[in-house]
Amino acid sequence: MNRGITLRTGSALAAAALVALSSIFPLWSMTMRAPQYPKGLRLEAFGSGMVGDVRELNIINHYVGMPPIDPAPALETAAFPIALTVVIALCLLSPVHRWARRLALTAVVAMPIGILIDVQWWLYRYGHSLDPKAPIRLEPFTPLVIGSSTLGNFVTSSTVSWGVVCLLAAAAVLVLGERLSRRHEPRLHVSGAVHRTAAASIVNFFAIALAVALPDIAVAQTPALQARLDAAPRGSTVTVDGGVHGPIIVRGPLSVVGMNGALIDGAGAGSVVTIEGEGVVFRGFTVRNSGRQVTEEAAGIKATGNGHRIAGNDVHDVYFGIHLGDGGGHVVEDNRITPGVHHGARPGHGISAWHVHDSQLRRNRIADARDGIYLSFTDGVVVSGNEITRCRYGLHSMYSQRADFSDNVVTGNLLGAALMNSDRLILARNRIEQHRQGAAAYGVLLKDIGDLIATGNIIAANRIGVYAEGVPDRPGREARLEANVIAGNEVGLALQGNAALTVVANRIAENLTDVRALGRQLSSASRWSRDGRGNSWSVYRGYDADGDGIGDVPHTVENAMDALVRGNPQVQALLYTPAHLAIEAAARMFPLFRQPPVLVDEHPLMSFASRGAR
């Protein structure tokens, strides 16, 4: 075989290999960044489907009425391997004839173009299929398949990825091989050897591709534990004394107790421990190394059914920590849960409860998760005595009923407690502190809540102590903040004009701004005293001549300085300086400078005693 044929054959093999590599790498990627997602949410398109923060994006999509992302579109995932096989075959046949080379080049170039057109079509469909009844209404929009787009406070960056680069490189190799071969063989006569070489190349390629396509088979550490569990009588106890064991399925009723460092390792695929049936007790284990694909929704411990007790386990290096789905009567207590940061663009939730009722999540220690504890469509769940830090949201409730968040310590997350689209909630005796970074650095976020009692909490040292919008969400409901300490925040309470809270018997102290109206004014339905008792304010300068513990003159929040701060944030550096005092004095003395009062507490308290009443 002369050098021209060798060059054509070599370029054909190289192009086929590059096309095959495109099936391994992502073809396209998108990153969405916003203040509440400083690390960004990422979505990648492979030939086999979408991976990345699909679940998180679908939650956001729900708010704006966008259809959920299908991680494996049927048409695309079925067509991609067929198209890939055809293009590889054309590359391998390209040395046979110039028309084969032209067809191969056309197919290799058309494939990435077709992929990008398809992705852009899907983006258009998602942006123009908005539910008009969604909680957040947007005008139809079209994210760009390549480039940057802005939607609300999200900035989306999209680009081709290594899979498309491989396809374009394959086209370049074919063109280069053809040009070089023409220099050495201007009048090429195709011999039978060329056909045999091409045929052999095709056979060799499919043999190699089959080997590459075979999934890695993880060798479980030992199948003995699963065999013991399957053979155990229902209702009995299986004790596991030390050792490293592979992923297991526990079917109740059954108690499984770990001793002396017993460890369950998921080998990086799927959920590590799966609990099914009724009445499983699972305690005393270290659980680690779940699957890393977001679309798996893998967990250290995944439970369905009813009446399970998951206690005293150390769960780390997983996607979700503990995931409860469909069932009730569970107790999840005294676990240490640290999902970590090695699973997708962000880890999963520490404890996730979905369609769960009448359960207790108590005394767990959770760190480095997406949300520490996330309730979705739950009813009657008690969340008590947990310690949560270094998460996105410490406590998060969506579409939940009768949830009780009590006696938790929530510190150093992006947001302390996010309670949204829920009803009949209790938030009692929690410490919610040190949430100061990012645009949503709230101690407590309340949005579209029905009945709420928030009492006996310490909400301190946050950028915003309490943010409220659409609370309560309809007439006849009450959202009450009573006997809380709201102190040391940049803003104690930041209230939208549709937040009609009852705020009584609280200690509101040493905030840079005690109360900020985020609209023109606070809701006229807001109440700052009840039954002759208001709140205790550190800046109150009145007196109590009759000694009944109630100030004899109302406390007025005017915030002339706050009006300046909102117009020019740099002015905040002057807070509590002589300049601040001069501005407040001017506002009192000169009516032209005076701002309309933000609120009037008719019965301010002279002292504060936390009652934590329910």
Side-chain angles (χ1 to χ4, degrees), residues 446 452-457 459-460 464-468 471-472 478-566 575-576 580-611 613:
L446 306 173
L452 166 72
I453 299 175
T455 180
N457 301 285
I459 304 170
I464 293 177
V466 178
Y467 170 91
V471 183
E478 182 185 43
R480 174 161 40 104
L481 273 61
E482 180 175 2
N484 303 284
V485 175
I486 304 173
N489 306 283
E490 290 186 26
V491 178
L493 296 101
L495 308 178
Q496 296 284 358
N498 59 357
L501 303 178
T502 298
V503 184
V504 295
N506 300 281
R507 174 62 171 169
I508 303 174
E510 312 304 336
N511 304 288
L512 294 181
T513 299
D514 284 335
V515 181
R516 174 175 291 172
L518 298 180
R520 284 190 169 185
Q521 58 187 15
L522 298 180
S523 169
S524 60
S526 296
R527 300 173 61 191
W528 296 91
S529 62
R530 187 179 62 181
D531 300 329
R533 292 178 60 84
N535 299 276
S536 169
W537 306 83
S538 62
V539 295
Y540 179 57
R541 296 295 179 264
Y543 54 89
D544 178 19
D546 57 8
D548 64 354
I550 308 296
D552 292 344
V553 295
H555 174 62
T556 302
V557 177
E558 295 182 341
N559 284 355
M561 187 68 175
D562 187 51
L564 294 176
V565 169
R566 280 185 288 173
L575 289 171
Y576 299 107
H580 180 187
L581 299 178
I583 290 171
E584 295 293 347
R588 290 191 297 269
M589 291 186 291
F590 301 105
L592 291 177
F593 191 69
R594 183 175 300 161
Q595 300 291 319
V598 175
L599 66 94
V600 177
D601 184 344
E602 298 286 352
H603 307 285
L605 303 179
M606 300 303 296
S607 62
F608 171 77
S610 177
R611 296 177 294 158

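When reading the values below, keep in mind they use all heavy atoms of this one structure, side chains included, and skip hydrogens, waters and symmetry mates.
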Mind checking the [atom1]-[atom2] spacing from [X] to [Y]? Nearest 0.5 Å is all I need.
X: Ile464; Y: Ile459; atom1: CD1; atom2: CD1; result: 12.5 Å
X: Asp601; Y: Ile508; atom1: CG; atom2: CD1; result: 8.0 Å
X: Glu482; Y: Asn457; atom1: CD; atom2: CG; result: 11.5 Å
X: Leu493; Y: Ile486; atom1: CG; atom2: CD1; result: 4.5 Å
X: Leu446; Y: Gln496; atom1: CG; atom2: CD; result: 12.0 Å

For Ser529, check side-chain hydrogen bond (donor to acceptor under 3.5 Å, both in side chains) against everything at least two apart and list the hits.
none
Any donor-acceptor N/O pair, [X] side chain to [Y] backbone, under 3.5 Å:
X: Asn506; Y: Asn484; value: yes
X: Asn511; Y: Thr513; value: no
X: Ser526; Y: Ala499; value: yes

Taking all atoms of both residues into account, what is the closest heavy-atom pair of [X] and [Y], and its distance?
X: Thr455; Y: Ala483; result: OG1-CB, 4.0 Å
X: Tyr540; Y: Met606; result: CE2-SD, 3.6 Å
X: Ala479; Y: Val471; result: CB-CG1, 3.3 Å
X: Ala545; Y: Asp552; result: N-OD2, 2.6 Å

Chi angles and distances behind the side-chain contact (heavy atoms from CB on, under 4.5 Å) call for Val503, Leu599:
CA-CA 11 Å; Val503 184; Leu599 66 94; over 6 Å; no
Partners meeting salt bridge (charged side-chain N to carboxylate O under 4.0 Å, His left out) with Glu478 (sequence neighbours left out):
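Arg480, Arg530.
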Name all residues meeting the salt bridge (charged side-chain N to carboxylate O under 4.0 Å, His left out) criterion together with Arg527; count only those two or more places apart in sequence or in a different chain, and write none if there are none.
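For Arg527 there are no salt bridge (charged side-chain N to carboxylate O under 4.0 Å, His left out) partners, ignoring immediate neighbours.
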Using the test side chain to side chain contact (heavy atoms under 4.5 Å, CB included), find all partners of [X] that sit at least two apart in sequence or belong to another chain.
X: Asp531; value: none
X: Ala500; value: Pro472, Ser523, Ala525
X: Asp548; value: Asp544, Asp546, Ile550

Under the ring-ring contact (aromatic ring centres under 6.0 Å, His included) rule, what pairs show up with a residue in residues 482-539, not counting sequence neighbours?
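Residue pairs passing ring-ring contact (aromatic ring centres under 6.0 Å, His included), neighbours aside: Trp537-His555.
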Among Ser607, Ser536, Ser538, exactly one meets side-chain hydrogen bond (donor to acceptor under 3.5 Å, both in side chains) together with Arg507. Which residue is that?
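When side-chain hydrogen bond (donor to acceptor under 3.5 Å, both in side chains) is applied between Arg507 and each of Ser607, Ser536, Ser538, only Ser536 qualifies.
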Among Val598, Asn535, Val539, the one residue meeting side-chain contact (heavy atoms from CB on, under 4.5 Å) with Asp514
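Single side-chain contact (heavy atoms from CB on, under 4.5 Å) partner of Asp514 among Val598, Asn535, Val539: Val539.
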